[in-house]
Each structure stands twice: as structure tokens, then as C-alpha cells.
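Take a look at the structure set out below.
The figures here come from the full heavy-atom set of this structure, side chains too, leaving out hydrogens, waters and symmetry mates.
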Amino acid sequence: MPSTSILTYFFVAFFAIFVASAPLAVPLPRDVFSPPVIYPGKGTVWHVGERHNVTWNLHNAPKQITNSKGMIVLVKNHTMVDLDTPLAEGFDIRTPYHEITVPQVEAGHDYQILVFGDSGNVGEKFTILP
Ligand SMILES: *[C@@H]1O[C@H](CO)[C@@H](O)[C@H](O)[C@H]1NC(C)=O
Ligand SMILES: *[C@@H]1O[C@H](CO)[C@@H](O)[C@H](O)[C@H]1NC(C)=O
């Protein structure tokens, strides 16, 4: 049956392509960077309207960063407060601090700062007061 051999051929060819291409899909980018937040941390108290420098550690940053644009998001009780309007975005993550204004949010002791490079890292819980 000729159709069987054609099918077999296509199957073998497809399998060969799949096997040949699979190793290319495996390596993860080596130059991703998720910056560890240093400040604010445990014991930090911010008041609404104040300006503060969020800071992060560049020690483990690769020399080449795929996405050098950073974003800072406020987190409360493990939930992002407003991802649509982050505290800051579009700044260069290779500078280890960025000034933000504390937004008008309810008082709480379970706030955290999330800094994104290629992926995100949250800092320790801190307090925001009116
Ligand atoms: C943030 O850091 C920069 C550079 O050190 C400094 O000029 C600026 O005054 C700081 N901002 C605040 C709110 O401390
Ligand atoms: C925090 O979030 C959890 C899960 O969404 C919820 O059950 C809990 O009540 C929240 N705690 C506070 C203090 O809002």
C-alpha cells in the first residue's frame, strides 16, 4: 500500500524534525534578571505622599540583560495593588534604585514592593500609614 509508506515517511520525517529541533527549545535565557528588593523592608514605615527610593541588589545581575526596563508594583497581602498603574515603569533596572511617591492607599502592615526586571522579586513586608 503506497499510502502507508508515504504516511510512514511523513511520520519519520516529522519525528526527525521534532527531535532535531527539541534541543533548541530547552536552554533558558541566561541573561534574565529578577532584582532582589533591599528597601523597603522589615520595619520600614512609609506615609502616603512621601517620596522614597526603592532599592534593589545588582550583585547577581548578568552583564547582558535581556530586558533592562524595570517596573515597580505595590503588593498588599500577596496581591498586586494595581498592575495597570505601577508605581514606576520604563526606568533602567541597571541603576539599583528608583524614586517613587507613596500612593493614596489604606493603612496596612502587609505591603510589599515588587520589582520587575525580566521577572519579579518581592521585598519584605512593610507598613504604609496615612
Ligand atoms: C534617591 O536617591 C538619589 C540618588 O542618591 C537622590 O538624589 C534622591 O534625593 C533620593 N531620593 C529620596 C527621596 O531620598
Ligand atoms: C489576605 O488574602 C487572603 C487570600 O486572598 C484572605 O483570605 C485574607 O483574608 C487576606 N487577609 C487580609 C488581612 O486582608
Just distance, no hydrogens or angles: give the donor-acceptor pairs under 3.5 Å from side chains in residues 82-91, sequence neighbours left out.
unit_1: D82; atom_1: OD1; unit_2: D84; atom_2: N; d: 3.1
unit_1: D82; atom_1: OD2; unit_2: T85; atom_2: OG1; d: 2.9

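- V115 and M80 fall into different hydrophobic clusters, where Ile, Leu, Val, Met, Phe, Trp and Tyr side chains are chained together by heavy-atom contacts under 4.5 Å.
- Listed by chain and number, the residues in a side chain to side chain donor-acceptor pair (under 3.5 Å) with H52 are E50 (sequence neighbours excluded).
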Taking only distance into account, with no hydrogens and no angle test, what donor-acceptor pairs under 3.5 Å do side-chain atoms of residues 34-44 form with protein atoms, sequence neighbours excluded?
unit_1: Y39; atom_1: OH; unit_2: W46; atom_2: NE1; d: 3.0
unit_1: T44; atom_1: OG1; unit_2: G41; atom_2: N; d: 3.0
unit_1: T44; atom_1: OG1; unit_2: G41; atom_2: O; d: 2.9

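- In terms of heavy-atom proximity, W56 sits nearest to T95 at CZ2-O, 2.9 Å.
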Practice problem: Please lay out, stage by stage, how V73 and F116 fare under the test side-chain contact (heavy atoms from CB on, under 4.5 Å). | Solution: CA-CA 8 Å; V73 177; F116 280 101; 4.0 Å; yes

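- In this structure, the separation between OH on Y97 and OG1 on T55 is 11.0 Å, given to the nearest 0.5 Å.
- In the hydrophobic clustering of this structure, I128 does not group with L114; members are Ile, Leu, Val, Met, Phe, Trp, Tyr whose side-chain heavy atoms approach within less than 4.5 Å, directly or through other members.
- Using a 4.5 Å cut-off between side-chain heavy atoms of Ile, Leu, Val, Met, Phe, Trp and Tyr, L129 falls into a hydrophobic cluster with V45.
- For N57, there are no side chain to side chain donor-acceptor pair (under 3.5 Å) partners at least two apart in sequence or on another chain.
- Annotation: side chain to side chain contact (heavy atoms under 4.5 Å, CB included) contacts of K69 (sequence neighbours excluded): N67.
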Donor-acceptor contacts under 3.5 Å from residues 102-110 side chains, at least two apart:
unit_1: H109; atom_1: ND1; unit_2: T127; atom_2: OG1; d: 3.0
unit_1: D110; atom_1: OD1; unit_2: K76; atom_2: NZ; d: 3.0

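- Interatomic distance, CG of L58 versus CD1 of I93, reported as 7.5 Å (0.5 Å rounding).
- Shown here for H78 and Q112, the closest heavy-atom pair between the two residues is ND1-OE1, 3.8 Å.
- T101 meets the side chain to side chain donor-acceptor pair (under 3.5 Å) test with R51; sequence neighbours excluded.
- Every residue meeting the side chain to side chain donor-acceptor pair (under 3.5 Å) condition with D92, not counting sequence neighbours, appears here in chain and number order: R94.
- F126 is listed as a side-chain neighbour of I113, based on a closest heavy-atom distance under 4.5 Å.
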